[in-house]
Amino acid sequence: MTQQHPGGNRGWTAERKGVLSRLRFTSLRLRLVLVFALVALTAAVSASGIAYWLNREAVLTRTQDAVLRDFEQEMQNRAGALPERPTQDELQHTAGQMAGSDQRFSVLLVAENPDGRTVYGSSGGLSGFSLRDVPASLRTAVNKTQKVDGANKYPHHLYWQRIVDHDTPYLVAGTRVIGGGPTGYMLKSLEPEAKDLNSLAWSLGIATGLALIGSALLAQAAATTVLKPVQRLGAAARRLGEGRLDTRLRVSGTDELADLSRTFNNAAEALEKRVADMAARDEASRRFVADMSHELRTPLTAITAVTEVLEEELEAETGSMDPMIEPAVRLVVSETRRLNDLVENLMEVTRFDAGTARLVLDDVDVADQITACIDARAWLDAVELDAERGIHARLDPRRLDVILANLIGNALKHGGSPVRVSVRVADDWIVIEVRDHGPGIPEDVLPHVFDRFYKASASRPRSEGSGLGLSIALENAHIHGGEITAANSADSGAVFTLRLPRDTSDTPEQSAGDGPESGDDGPERGPDAKGDA
């Protein structure tokens, strides 16, 4: 048994696709070959046709003139020597002599004998050339007496005609002896000339085919010469589009294609420099955000501890807090909590931007996970859950909790109760819908709901959330290989749809640390809405 290389079929298929792509009807190579071939075919056919027509006329005219001249001479010399009323034997003998000329044609002589009867003399005997072989129109023209005047010296002339009998061409001619005498007809086969012309036609056809093949090969060579730099340019452009910004073309020559290659190299160099500068600035920005978030954590820890003490004082029933400073204390507690959430969100965004976020996968029951998320945030009274137990998926539980907390919290805060969460299975995907009964998302805000820090209205640049919740939820969906979409329901309210694969085992299973778990960052509904991203 012959063992086949596992990549053999794929290699052959790729090669066949490459050939087909080069020969597709929209390819420039094929169009060049076709144009060259059509031009060569037109030129070759035209030249061959003209050459065949000129040679045909020359061959036929030369043969025809020689035969007619010989026949006319024989009629004057031999038929003219016969008496005005010859016998049949005399006609037969003269016809045989006339047929023995250099041109070897058949002869038929017609005259009246001394008894006044019409007699015939044929060079081929009784079964040879007969009057039936002569077209009627030719006999009429030969026997017609012309008027003799200054322009016409003789009453009878020599007439000829080409005919085809059983696919064989013939030359037929007839005339009468001037001054009285028999009428003579001549039949000459043109089969040798026809064979020569057929050989010429075959030769011209073969030459036309060779010219067509040569033009196709020439077109292929020209197309390769012209299109090879274009193909290299296309391949370089594809590599550049794939992110290989160090791609350059080898420049040779001073033609237009060389100028195009130089322009491409200059553009690629400028693009590489611009992207490198942008990447450096982006990296510096991410580093700044990460460093700032880390630096803020230490003072925030101390401030958070103080605010927790102040919050306990506010909730105590001893009344030790001065009523005059109680609003200020509550504001400090609220803003400290908000600042702490913002720092945590920035840390999570920095992980996504740096590409260090990883999944820690586990087999989870989706319904139990949603119930735990709702119960942990005391949302049981405001959320309706439509999910069957037993729908399992391999996901990162913490990141799924972050997604659900942001979507449900966003619906509760900016939508209208009740918020309904439904779960269904579509093929290998888990589809979770979070629907509220609020006014919906304005159409101009809808494309930006996942943008970071997006403000739908400049009149309310500040809101309770950080503006990062939905963007973090979307990034967590993406790292699972899923997606989140936002739309308005036909009834009322907004619908956020989360699609996650049931198995994300191909994703690296590395922890990225703790992320935000609060759902306070969504677009507010109405004219002052604030989006996320």
Side-chain angles (χ1 to χ4, degrees), residues 275 278-279 281-290 292-293 296 338-357 399-416 419 432-436 438-489 493-500 512 515-533:
V275 170
M278 293 178 61
R281 288 196 295 267
D282 188 55
E283 177 63 25
S285 298
R286 286 199 300 266
R287 187 74 264 167
F288 172 75
V289 173
M292 181 187 66
S293 301
L296 286 175
R338 180 173 177 270
L339 181 59
N340 190 65
D341 292 340
L342 176 60
V343 171
E344 293 296 332
N345 286 340
L346 288 174
M347 293 290 294
E348 185 73 358
V349 168
T350 303
R351 294 189 188 98
F352 284 119
D353 290 345
T356 59
R399 293 190 180 278
L400 178 60
D401 184 76
V402 171
I403 298 173
L404 295 172
N406 278 286
L407 294 181
I408 299 174
N410 178 77
L412 289 172
K413 182 178 296 183
H414 306 303
V419 172
I432 303 174
E433 288 187 353
V434 179
R435 181 190 303 267
D436 62 52
I441 305 174
E443 293 298 328
D444 59 332
V445 176
L446 196 58
H448 306 286
V449 292
F450 296 104
D451 296 347
R452 297 175 184 175
F453 302 111
Y454 174 74
K455 306 293 183 180
S457 174
S459 62
R460 290 186 60 187
R462 187 177 187 276
S463 66
E464 184 178 347
S466 65
L468 293 172
L470 286 182
S471 66
I472 292 175
L474 182 63
E475 294 290 350
N476 278 295
H478 285 168
I479 200 174
H480 279 89
E483 185 61 68
I484 303 177
T485 58
N488 287 317
S489 174
V495 180
F496 285 83
T497 303
L498 168 65
R499 290 172 54 87
L500 295 175
E517 297 184 357
S518 61
D520 63 330
D521 296 299
E524 297 174 288
R525 310 299 159 77
D528 299 331
K530 175 181 75 66
D532 299 342

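All residue numbers in this chain count up from 1 along the given sequence.
- Between the side chain of Asn410 and the main chain of Asn406, no donor-acceptor pair closer than 3.5 Å is present.
- To the nearest 0.5 Å, atom CG of residue Leu407 and atom CG of residue Leu470 are 6.5 Å apart.
- Contact between Ser489 and Arg435 at its shortest, heavy atoms only, is OG-NH1, 2.8 Å.
- Shortest non-hydrogen contact noted between Ala486 and Phe496 is CB-CE2, 3.5 Å.
- Here the side chain of Asp436 pairs no donor or acceptor atom with the backbone of Gly493 at under 3.5 angstrom.
- Glu443 places a side-chain heavy atom less than 4.5 Å from the side chain of Asn488.
- Interatomic distance, OG1 of Thr485 versus CZ of Arg499, reported as 8.5 Å (0.5 Å rounding).
- In summary, of the residues considered (Leu498, Ile484, Val449), a side-chain contact (heavy atoms from CB on, under 4.5 Å) with Leu474 occurs for Ile484 alone.
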